[in-house]
Protein chains: 2
Amino acid sequence: MPSVIRSPRTEQAYGKLKWEILQNHLPPGFQASEPEFALRLGMSRTPVREALLHLEADGLIEMKPRHGARVTPLSWNDMRDIYEILTTLEPEAAAAVAELKPDQKTLKPLSDATDGMEKALAKNDLDNWAAADDRFHRGLLRLQNNRRLTDFVTRLLDQSHRARMITLRMRNRPTQSTEDHRIILRHIENGEAGKAREMYRRHRERAASELLTLLQNYRLTAL
Amino acid sequence: MPSVIRSPRTEQAYGKLKWEILQNHLPPGFQASEPEFALRLGMSRTPVREALLHLEADGLIEMKPRHGARVTPLSWNDMRDIYEILTTLEPEAAAAVAELKPDQKTLKPLSDATDGMEKALAKNDLDNWAAADDRFHRGLLRLQNNRRLTDFVTRLLDQSHRARMITLRMRNRPTQSTEDHRIILRHIENGEAGKAREMYRRHRERAASELLTLLQNYRLTAL
DNA sequence: GCATGCATTAATGCATACATTAATTCGAAT
DNA sequence: ATTCGAATTAATGTATGCATTAATGCATGC
């Protein structure tokens with residue numbers, strides 16, 4: 001439960017900060033003290049501090065003793081680690097969903113997302129393509145029943161979101177990636193767990209290698 | 001970074017509470033308000049609350065709006081979910097370590113743990129057996145280089161610790177399990193990633209099935 | 001007797017004040 | 001000029017108090 005916060009202020013602070021971080025509005029490496037964040041957000045330190053601690057647990061903020069809280073910088077090694085885990089866990093999630101033999105209605109979020117990717121690709125609308133891609137991955141997770149898996153992978157997706165956005169316009173047209181999704185969806189529809197797993201793994205391996213190469217070539221990250 | 005806390009009080013509260021939960025000193029389902037915990041720990045609500053939030057992120061505490069914080073009850077479904085993920089991730093960790101072709105010195109923590117398991121088994125000393133088993137699993141994790149993987153799996157091991165302790169004396173003599181470790185260690189020593197992965201997977205599958213059966217037969221958990 | 005609603009009670013959410021501690025700056029001495 | 005050290009500054013850690021809000025119990029009416 002990465003986002004299970006209930007109190008208005010804390011929730012507000014958490015939501016706003018997370019949003020601004022993921023949008024690169026608060027850029028990687030941005031640093032400020034608790035009082036500064038509190039001032040920015042128009043509330044006292046208490047809820048802000050709580051939100052910052054949550055974001056630290058999410059891996060989006062790093063709190064260093066006397067240097068304030070800083071937005072986690074993009075790191076090549078972090079991205080490698082994250083994609084390594086995604087490459088292991090997401091295929092298992094896909095297989096688990098396939099095992100459930102879900103009906104078309106259950107799979108609607110996934111087919112919608114896949115449609116969205118194809119349409120956006122046809123229009124060369126990268127932003128909508130990325131959004132649909134994201135919906136697919138998160139939608140798939142939600143269809144399997146292991147809550148901890150959902151939460152953890154969701155956190156990893158959040159942690160790697162900025163890197164994906166930054167590299168979005170450096171990639172070639174994501175034709176292959178879009179096709180991958182269609183095929184994975186078909187395997188899931190057919191209840192073929194093994195094929196879904198294997199296809200998802202290859203999808204993630206390709207995505208990882210692409211992303212890491214881009215980050216490296218363009219010196220976009222620390223480390 | 002499950003335990004990255006630095007302030008004396010918060011750290012103290014976190015450490016003490018975590019310890020007492022894992023020792024079943026604060027039993028599953030135990031519930032108290034923040035002021036009560038604060039009183040128990042001899043400090044104000046602030047650091048206690050922070051510690052409780054950390055423990056909630058660790059999955060050991062659940063905070064319900066007006067009902068105080070309660071020690072997460074043991075749940076069969078949670079254990080199933082946890083072991084499902086462990087069965088996926090730990091074998092990958094073992095394979096990753098094998099790939100590193102570590103020397104004997106690096107592997108000393110693992111061989112020590114394995115020795116400890118065998119010795120404890122010979123003496124029928126279940127407590128030390130379990131402790132050595134735990135050292136093996138955590139030691140292996142530390143040898144691979146993906147920090148996020150280490151932290152997440154460590155959390156899962158913590159979350160399942162109480163269930164393991166409770167079922168410890170209901171199991172048959174853990175002969176098979178001890179042998180598994182020896183074999184896994186050998187595969188790692190030989191740098192045979194595939195074999196290490198496969199053996200670890202079978203080890204975890206067996207462990208999961210044993211644990212879940214015991215919990216079910218003895219109605220030890222909620223749900 | 002039961003249900004509804006209000007009052008009471010207590011916990012949490014949040015703000016603030018104070019204590020502690022570390023970084024930084026400035027000055028003095030070598 | 002450089003280095004050491006003390007004083008200042010500012011951030012974090014912690015305590016506390018107040019506001020808010022939900023749960024509980026009681027009373028009242030049906």
Side-chain angles (χ1 to χ4, degrees), chain A residues 1-21 26-73 222, chain B residues 1-21 26-73 222:
Chain A
M1 322 102 187
S3 321
V4 175
I5 311 183
R6 48 260 154 229
S7 51
R9 311 260 177 168
T10 303
E11 189 176 0
Q12 198 185 318
Y14 176 80
K16 197 172 286 189
L17 287 173
K18 184 169 175 180
W19 174 256
E20 294 193 333
I21 291 169
L26 284 180
F30 175 88
Q31 197 170 29
S33 65
E34 288 176 11
E36 285 173 303
F37 277 111
L39 196 66
R40 259 180 96 88
L41 292 163
M43 57 185 78
S44 83
R45 273 177 59 211
T46 308
V48 171
R49 183 179 166 83
E50 238 171 69
L52 288 171
L53 288 170
H54 262 276
L55 289 165
E56 188 180 32
D58 290 346
L60 296 174
I61 282 283
E62 295 173 352
M63 297 183 74
K64 309 239 280 179
R66 293 276 152 181
H67 296 277
R70 76 165 176 177
V71 178
T72 307
Chain B
M1 323 97 196
S3 320
V4 175
I5 311 182
R6 46 256 164 235
S7 50
R9 310 260 176 170
T10 303
E11 189 177 1
Q12 199 186 317
Y14 176 80
K16 197 173 286 188
L17 288 173
K18 184 169 175 180
W19 175 257
E20 294 193 332
I21 292 169
L26 285 179
F30 176 88
Q31 196 169 28
S33 64
E34 289 176 10
E36 286 173 301
F37 276 111
L39 195 66
R40 260 180 96 89
L41 292 163
M43 58 185 77
S44 82
R45 275 177 55 212
T46 309
V48 170
R49 182 177 167 83
E50 241 171 64
L52 288 171
L53 288 170
H54 262 276
L55 288 165
E56 188 180 32
D58 289 347
L60 297 175
I61 282 282
E62 295 173 353
M63 296 183 74
K64 310 237 283 178
R66 293 274 152 182
H67 295 278
R70 76 166 177 177
V71 177
T72 306

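Chain letters run A, B, ... following the sequence lines, proteins first and then strands; every chain starts at 1.
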- May I have the distance from B/Glu34 (atom CD) to C/dC14 (atom C1'), rounded to whole angstrom? 12 Å
- Message: Check whether B/Gln31 reaches the backbone of B/His67 with its side chain - one donor and one acceptor, N or O, closer than 3.5 Å.
- Response: yes
- Please name all residues satisfying side-chain contact (heavy atoms from CB on, under 4.5 Å) with A/Ala32, sequence neighbours left out, ordered by chain then number. A/Phe30, A/Glu36, A/Phe37
- Query: Atom CD in A/Glu50, atom CG in B/Leu53: separation rounded to 0.5 Å?
  - Reply: 5.0 Å
- Indicate the atoms forming the closest heavy-atom contact of A/Pro28 with A/Pro73, along with that distance. CB-CA, 3.8 Å
- Message: Suppose we screen for salt bridge (charged side-chain N to carboxylate O under 4.0 Å, His left out). Which residues come up paired with B/Glu34, at least two apart in sequence or across chains?
- Response: B/Arg45, B/Arg49
- Message: Angle between the two end axes of the helix from C/dG1-D/dC30 to C/dT30-D/dA1, five base pairs per end, rounded to 10 degrees?
- Response: 0°
Check nucleotides 15-19 of chain C against the protein and report each pair of N or O atoms closer than 3.5 Å, with its distance, or say if there are none.
residue : atom : partner : partner atom : Å
C/dA15  : OP1  : A/Arg9  : NH1          : 3.1
C/dA15  : OP2  : A/Ser44 : N            : 2.9
C/dA15  : OP2  : A/Ser44 : OG           : 2.6
C/dA15  : O5'  : A/Ser44 : OG           : 3.3
C/dA15  : N7   : A/Thr46 : OG1          : 2.7
C/dT16  : O4   : A/Thr46 : OG1          : 3.4

- Message: Check this one for me: any side-chain N or O of A/Arg49 less than 4.0 Å away from OP1 or OP2 of D/dG13?
- Response: yes
- Task: To the nearest Å, give me how far apart CD (A/Gln31) and P (C/dA23) are.
- Result: 13 Å
- Do A/Leu17 and A/Leu41 touch side chain to side chain, with heavy atoms closer than 4.5 Å? yes
- Message: Minimum heavy-atom separation for A/Pro47 and A/Thr10, please, with both atom names.
- Response: CB-OG1, 3.5 Å
- Heavy atoms only: give me the nearest A/Arg9-A/Gly42 pair and the separation to one decimal. NH1-O, 4.4 Å
Nucleotide N/O to protein N/O under 3.5 Å, stretch nucleotides 21-25 of chain D:
residue : atom : partner : partner atom : Å
D/dT21  : O2   : B/Arg66 : NH1          : 3.2

- Nearest whole angstrom, please: distance from the C1' of D/dG13 to the CE of A/Met63. 11 Å
- Message: Between P on D/dT12 and CD on B/Glu11, what's the gap in Å once rounded to a whole number?
- Response: 18 Å
- Task: Kindly write out the residues that satisfy salt bridge (charged side-chain N to carboxylate O under 4.0 Å, His left out) with A/Arg40, not counting sequence neighbours, or none if the list is empty.
- Result: A/Glu20
- Query: Once you round to the nearest 0.5 Å, how far does CZ of B/Arg70 lie from OG1 of B/Thr72?
  - Reply: 7.5 Å
- Would you say B/Ile21 and B/Ile61 make side-chain contact, with heavy atoms under 4.5 Å? yes
